[in-house]
Each structure stands twice: as structure tokens, then as C-alpha cells.
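To start, the structure itself, in C-alpha cells.
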Amino acid sequence: MSAAMHSTQSGFARALLDPAQACPGGLHTWNGSDPARRFAVYRNNVTVSLVDALADTFPVCSALVGEPFFRAMARVFVAERPPQSRVLAFYGRDFPAFVEDFPPAASVPYLADVARLEMMRQEACHAADVEPLAAEVIAGLLAAPAQLPALRIHAHPSVAVLNSRYAVHSLWAAHQGEGELAAVAPMLAQAVMVLRVGLDVHSIVLARGIGVFIEQFIQGAELVVAQQAATASDPDFDLVTALGSLLHWQIITALRTGDDDHEHTD
Amino acid sequence: MLSTHLPATHSTACVSASSLPARAGLGLKPVHFEHVLSTQPDVGFFEVHAENYMVPGGPLHHHLGRIREHYPLSLHGVGLSIGAEFALDASHLDALAELIARYQPQSFSEHLAWSSHGEAFFNDLLPLPYTAATLDRVCAHVDQVQTRLRRHMLLENPATYVEFEASSMSETEFISEVVRRTGCGLLLDVNNIHVSCINHGRDSRAYLRALPLDRVGEIHLAGFATQMDGAGDPLLIDSHDAPVAEAVWALYADALALTSPVASLLERDNALPAFDVLLAEAARAERMLAGQPPQALIHMAEEAHT
């Protein structure tokens with residue numbers, strides 16, 4: 001590839017994302033019309049399609065700040081961080097951190113966490129399909145008390161926990177027709193678990209302790225470590241109740257004991 | 001330039017590039033999943049955008065898997081960036097190979113365009129100058145795709161809004177040469193021909209006849225939006241958000257007269273109407289594929305008799 005060729009797409013690419021750049025040279029129109037007007041079609045297609053992709057992922061954020069503000073904010077994100085993957089389902093991964101540091105959105109302090117929750121739901125929707133471990137198998141393993149402290153719980157790939165300083169689930173739920181937005185006190189802390197059961201994504205508000213417990217074992221902690229951390233954060237944490245909840249939600253896909261990597265997945 | 005892994009017997013290329021039935025098909029959108037599964041409409045095939053299904057699991061794969069049990073499938077890529085100055089994204093090619101292994105589509109197609117530069121992906125189909133250097137690069141990339149996917153692909157003629165001073169050959173010459181060198185088939189987008197020919201002051205019927213029509217493996221039909229360029233001339237946008245225009249139906253009839261009946265897709269990606277509206281457009285394409293006059297003409301003939 002020649003240097004001249006290389007510069008063709010470089011110049012085109014630069015001008016696509018930066019409206020301050022002039023229309024790239026070397027363009028031709030059959031009727032002698034200004035190529036800038038035609039180049040603007042590409043510029044518009046790129047920005048609008050990428051802003052649309054973000055709007056699809058973050059509908060509640062858009063509703064919270066209004067569509068014009070959301071799209072203007074998304075436009076800045078697109079220009080600064082165009083996607084590096086062709087798979088746009090996950091383009092929003094860096095958006096919550098961007099929102100957190102976007103000065104014009106500072107008056108809506110919970111916006112970044114609502115974006116985190118929406119991205120978690122997107123990730124959960126597309127997470128790998130893994131069958132939960134059958135309840136009898138889990139019950140059998142939990143009945144061997146000697147193994148219990150060293151057990152590592154493997155959660156379904158869709159499971160994630162958000163410990164927010166804000167009532168992030170209540171804010172989200174109010175936009176799904178569950179309760180009134182005006183009745184939500186946004187500054188109350190909430191821990192939320194997102195998971196997919198079958199084809200449906202759920203968000204569930206958790207007590208502080210079980211939120212920590214799940215976060216711990218997602219990170220690979222042994223049961224005893226996860227339990228200690230949960231109890232330290234929440235004196236009301238009860239291991240038996242927590243394990244019952246995990247069974248109820250069908251979160252557990254494997255139980256491994258200690259570091260022998262012995263797997264129980266059948 | 002010929003691939004070392006593929007036979008150069010181009011007469012069989014279209015067969016391997018597409019085994020879709022010579023019927024009308026529809027783009028499959030998530031909003032249609034339940035309706036399609038519960039009503040099993042008489043649609044010749046469905047087409048999906050490959051990139052939308054490059055996710056690990058969940059409802060998209062669940063529904064596509066079930067729908068695939070009942071319908072032929074066309075896998076249409078929008079992000080491979082075959083015209084890019086940079087190397088093809090090997091991980092993206094791997095993901096395509098995985099989807100093809102999973103769903104066994106009757107056809108895989110991509111665009112004569114670029115959509116990425118370096119690490120940035122633009123999610124749009126960007127235009128190319130038609131030069132010897134571009135031709136070598138596009139052919140090398142098509143060869144690489146066909147070798148990795150172990151099948152021939154269909155290459156789609158583009159809708160463009162600008163041309164390049166550097167171009168040394170016409171678009172039809174360029175496409176014909178890519179098809180000849182790589183053995184790929186042609187995805188004949190009739191709407192793109194109409195859009196590009198209006199946008200660049202060309203004769204769409206002459207353009208159509210200059211393509212290698214014996215290598216058409218699929219036809220695309222779509223709607224466009226109309227803007228105006230700097231001189232006040234119409235500038236058509238390939239927006240996929242409207243019914244197929246009468247001028248495009250006429251060009252489709254022209255194309256069918258020059259090819260054997262071939263799988264024809266109604267592309268509607270934006271402003272989706274009710275499913276029945278899409279079915280009606282597909283029915284019109286099926287009547288034309290079967291060599292029947294358009295419904296409107298039948299009505300006119302009936303009215304003339306009464």
C-alpha cells in the first residue's frame with residue numbers, strides 16, 4: 001500500500017469524527033457541486049448510528065436527562081472514543097465512567113450508576129448460556145460440612161452486583177412503570193444484583209451483606225472468606241438464608257472445593 | 001492473486017457462494033422473533049447482520065437457532081471493512097467463522113466498502129477510490145475471507161455519495177475484476193444502483209448491464225431517503241427506512257430479465273412497519289420472481305374489463 005493511499009483513508013477518518021476538520025481533498029462530484037455537502041452525509045451517518053447504539057443501551061439515562069442532553073453527551077463520547085470493536089452491543093462499556101467525569105452532567109450525580117446498571121443489564125442479556133447446577137447436587141455438596149469453608153461458588157456469567165451510593169434500582173424501575181419517579185429518594189444507597197434467568201434479565205435489590213457475599217465469590221473467594229466479608233459489612237448477614245437465595249435464583253453453575261480444582265458441575 | 005485454497009473453477013462459484021432459494025426473503029429483527037415463531041409465515045429466507053449475533057449467548061441466539069430450524073438463512077456482514085487500508089481484523093474473521101459453523105447459513109455476504117481505520121470502527125460503509133492499488137488490496141482481503149471461511153462470499157455493490165479524483169476505472173469495471181480474480185459472487189443491490197446512479201449522474205440500466213450478472217447470488221431491495229446536494233440536484237441516501245421505490249422495482253424487473261430467478265431480500269433496518277407490510281413487499285418480489293405482472297397491473301387490467 002502506498003503512502004498516498006494510506007493518507008486517503010486517514011484524512012477521511014479524521015474528518016468523519018471532527019466537524020472542525022475540513023472536508024477531505026481528492027473528492028469529485030459529477031455536477032461540480034461542493035463535495036463537503038456530500039461528505040456531511042458520511043459524517044452524519046457515523047455519528048448518528050453510534051449515538052443511536054448508545055441510546056439503545058441507555059434508555060433510562062436518556063429519560064433522566066432528556067434526549068437532547070443525552071444525545072449531545074453521547075456525541076462527545078463518540079468523537080473522543082469511537083468503537084474499537086464491530087460488535088456494538090458492548091460499545092457502552094466505557095460510557096458510565098465517561099458520564100461520571102462529564103462536567104455538564106455533574107448535577108445528576110446518580111446518572112453514572114444508572115448507566116452502570118443499564119450496561120450490566122445489557123451484558124447479562126448477552127452473557128453465555130450456562131445451565132445452573134441441579135439443586136440436589138448443590139444440597140449434596142453443602143451437606144458435607146468439612147468441605148464447606150473451602151468451597152468456591154461459580155456464578156452464572158450474567159450475574160453482577162452494583163453497590164451504589166444511590167437508589168439506582170428504584171430510579172431504573174420507575175422508568176419501567178414500577179412506582180413514581182417523584183417518589184424515589186435518589187440519595188439512598190442500594191446494592192443491586194443483575195442476572196438472567198432463562199431469557200429474561202432481572203434486577204434485584206439486595207441486603208448489603210448478601211451483595212458483598214456475591215461480589216466476593218464472583219471474584220473467586222472461598223466460602224469462608226466471602227462469609228467473613230459479608231458479616232463484617234452487615235451483622236445481619238446469614239449464610240443459610242444467603243445460600244437459599246442463590247438456589248432460588250439458580251445462580252450456581254459450579255462448586256469447586258479448595259485448590260484441587262475438583263469440579264462438580266453435573 | 002488467486003487463493004491457494006480454493007479451486008479457480010469460477011463457474012461453480014455462485015453455487016458455493018449462495019444456495020439460498022430463488023424466493024423473496026426478509027431481514028430478521030428481534031421485534032419479529034415471537035411473531036415468526038408463532039405464525040411461521042411463508043418467507044423464502046431470513047437475513048441477519050452477522051455483528052448483531054457476535055455475543056456469547058442469550059435471547060438472540062435462542063431465537064435465531066429456533067428460526068433457523070424452519071428457514072434458510074443469509075448471513076450479511078456490515079463490519080468486515082474489506083476495503084480498509086489496514087489488515088483485516090483476524091478476531092472478527094474468527095467470530096464470523098464461528099457463526100457460520102453454528103448456523104450453517106446458505107450465504108455469507110459483505111460490502112465493497114471500508115468501515116474501520118486503525119483501531120476505530122465507524123459503523124458506516126465508506127467509499128473507495130477505484131485504482132489498481134485498491135483492487136489489489138480488496139482482492140487480497142476477499143481471498144483471505146474466503147480462505148478463512150472456506151467458502152465463497154458475495155460482494156455487494158455500494159451506495160455512495162462522493163467519488164474520488166484518483167479513480168482510474170469505473171465501479172462496474174472494479175467489481176467485475178474483483179469477481180473475476182477472487183471467484184466471489186455478486187450481491188446485486190438494486191437500490192444501491194439506483195441511489196449511486198442518481199447521485200453520480202449515471203444511467204442505472206447501463207450500470208446494471210456492465211456488472212457480471214451471471215455471478216449474482218442474491219439481490220437486495222430497499223428504500224432510500226431524498227436530500228439535495230450543493231447544486232440543488234437530488235442526493236439519495238441509502239437509509240433502509242422506507243418502502244421500495246417504484247424506480248427500484250422497475251430496475252429489479254430489468255435485473256430479473258437479465259439473470260435467472262435469484263434470492264431477493266427486502267431490506268428494512270429503520271422505521272420498521274408492521275410485519276404484514278414487509279410480507280406484502282416480499283409477495284410483490286415473489287410475483288416478479290415467478291414472472292408474473294405486478295399486482296397493480298393486474299388491478300388495472302381487471303378495472304379495464306369492468
Side-chain angles (χ1 to χ4, degrees), chain A residues 1-2 4-10 12-14 16-17 23-50 52-53 81-91 123-130 157-158 196 198-201, chain B residues 50-63 77-81 83-86 89 91-92 95 114-129 131 133-134 136-137 160-167 199-202 227-233 235 237 270:
Chain A
M1 109 191 31
S2 71
M5 273 305 305
H6 212 98
S7 67
T8 304
Q9 289 183 1
S10 296
F12 210 98
R14 262 197 312 279
L16 280 173
L17 289 173
C23 172
L27 301 181
H28 169 82
T29 59
W30 69 285
N31 56 3
S33 65
D34 181 3
R37 184 88 163 248
R38 289 160 171 259
F39 180 75
V41 174
Y42 292 109
R43 206 175 241 166
N44 185 62
N45 283 351
V46 169
T47 302
V48 168
S49 78
L50 294 174
D52 283 349
R81 306 181 205 189
Q84 298 190 356
S85 164
R86 282 86 165 134
V87 183
L88 293 181
F90 306 122
Y91 177 40
E123 301 266 9
C125 177
H126 298 304
D129 301 304
V130 182
S158 68
R196 193 181 78 228
L199 301 179
D200 300 318
V201 176
Chain B
E51 288 71 14
N52 290 344
Y53 290 83
M54 290 180 180
V55 295
L60 290 179
H61 286 296
H62 172 85
H63 288 109
V78 297
L80 193 50
S81 201
E85 288 165 1
F86 283 78
D89 180 337
S91 65
H92 188 75
W114 60 287
S115 54
S116 63
H117 187 72
E119 291 196 328
F121 173 62
F122 298 109
N123 198 36
D124 194 30
L125 300 165
L126 302 163
L128 290 163
T131 64
T134 313
D136 286 345
R137 192 174 72 238
T160 59
Y161 312 115
V162 297
E163 295 184 295
F164 292 87
E165 286 164 357
S167 287
N199 289 349
H200 306 308
R202 291 193 210 109
Q227 296 184 6
M228 212 183 274
D229 77 358
D233 284 317
L235 181 67
I237 312 298
N270 301 303

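Just so we're on the same page: letters track the sequence lines, and every chain starts at 1.
- Atom CG of residue B:Asp124 and atom CZ of residue A:Arg43 lie 13.0 Å apart, to the nearest 0.5 angstrom.
- Contact annotation for A:Ala89: only side-chain heavy atoms (C-beta onward) come within less than 4.5 Å of a heavy atom of chain B.
- The minimum heavy-atom distance linking A:Cys125 with B:Pro59 is given by the pair O-CD, 3.2 Å.
- Using a distance-only test at 3.5 Å, with no hydrogens or angles considered, a donor-acceptor pair links the side chain of A:Tyr42 to the main chain of B:Tyr161.
- With hydrogens and angles disregarded, a donor-acceptor distance shorter than 3.5 Å links the side chain of A:Gln9 to the backbone of B:Gly83.
- Among the candidates A:Ala40, A:Ala128, A:Gly198, A:Gly26, the residue making the largest number of heavy-atom pairs closer than 4.5 Å to chain B is A:Gly26.
- Rounding to the nearest 0.5 Å gives a distance of 8.0 Å between CG of A:Asp52 and CG of B:Asn270.
- By the side chain to side chain contact (heavy atoms under 4.5 Å, CB included) test, A:Pro83 pairs with A:Leu50, A:Leu88, A:Tyr91, B:Phe121, sequence neighbours left out.
- Most heavy-atom pairs under 4.5 Å with chain B, from the set A:Gly32, A:Ala127, A:Pro82: that is A:Ala127.
- When each of B:Asp89, B:Leu128, B:Leu60 is checked for heavy-atom pairs under 4.5 Å with chain A, B:Asp89 comes out on top.
- Shown here for A:Ser10 and B:His117, the closest heavy-atom pair between the two residues is OG-NE2, 3.0 Å.
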Please test B:Leu126 against A:Leu16 for side-chain contact (heavy atoms from CB on, under 4.5 Å), starting from the C-alpha separation and ending with a verdict. CA-CA 10 Å; B:Leu126 302 163; A:Leu16 280 173; 3.7 Å; yes
Take B:Phe122 and A:Asn45 through the test side-chain contact (heavy atoms from CB on, under 4.5 Å) and record every step on the way to the result. CA-CA 9 Å; B:Phe122 298 109; A:Asn45 283 351; over 6 Å; no
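- Atom NE2 of A:His28 and atom CD of B:Glu163 lie 5.5 Å apart (nearest 0.5 Å).
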Would B:Ser81 and A:Arg86 count as a side-chain contact (heavy atoms from CB on, under 4.5 Å) if you check the C-alpha gap in whole Å, the side-chain angles of each, and the deciding distance to 0.1 Å? CA-CA 10 Å; B:Ser81 201; A:Arg86 282 86 165 134; 4.1 Å; yes
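- Residues A:Arg37 and B:Asp229 are not paired through a salt bridge, judged by the lack of any N-O separation under 4.0 Å between the basic side chain and the carboxylate.
- Between A:Phe12 and B:Phe164, the two ring planes are tilted [angle within 30° to 60°].
- Both the backbone and the side chain of A:Ser49 come within less than 4.5 Å of a heavy atom of chain B.
- For chain B, the option among A:Val201, A:Val87, A:Val130, A:Leu17 with the highest count of heavy-atom pairs below 4.5 Å is A:Val87.
- Residues that satisfy the side chain to side chain contact (heavy atoms under 4.5 Å, CB included) test with B:Ala50, not counting sequence neighbours, are B:Met54, B:Leu75, B:Leu96, B:Leu99.
- Note on B:His200, B:Glu51, B:Arg202, B:His61: by heavy-atom pairs under 4.5 Å with chain A, the leading option is B:His200.
- Counting heavy-atom pairs closer than 4.5 Å to chain B, the top-ranked of the candidates A:Ser33, A:Ala53, A:Pro157 is A:Ser33.
- Interface remark: of the candidates A:Val41, A:Thr29, A:Asp200, A:Val41 forms the most heavy-atom pairs closer than 4.5 Å to chain B.
- Interface remark: A:Leu27 contributes backbone and side-chain atoms alike to the contact with chain B (heavy atom separation under 4.5 Å).
- A:Asp129 contributes a side-chain N or O that, together with a main-chain N or O of B:Gly58, makes up a donor-acceptor pair within less than 3.5 Å.
- To the nearest 0.5 angstrom, A:Leu199 atom CG is 5.5 Å from B:His63 atom NE2.
- When B:Thr160, B:Asp233, B:Val78, B:Leu125 are compared by the number of non-hydrogen pairs under 4.5 Å with chain A, B:Asp233 comes out ahead.
- There is no contact between A:Thr47 and chain B, counting heavy-atom distances below 4.5 Å.
- The shortest non-hydrogen separation linking B:Pro129 to A:Thr8 is CG-CG2, 4.5 Å.
- When each of B:Gly232, B:Ala166, B:Ser116 is scored by its heavy-atom pairs under 4.5 Å with chain A, the top score falls to B:Ser116.
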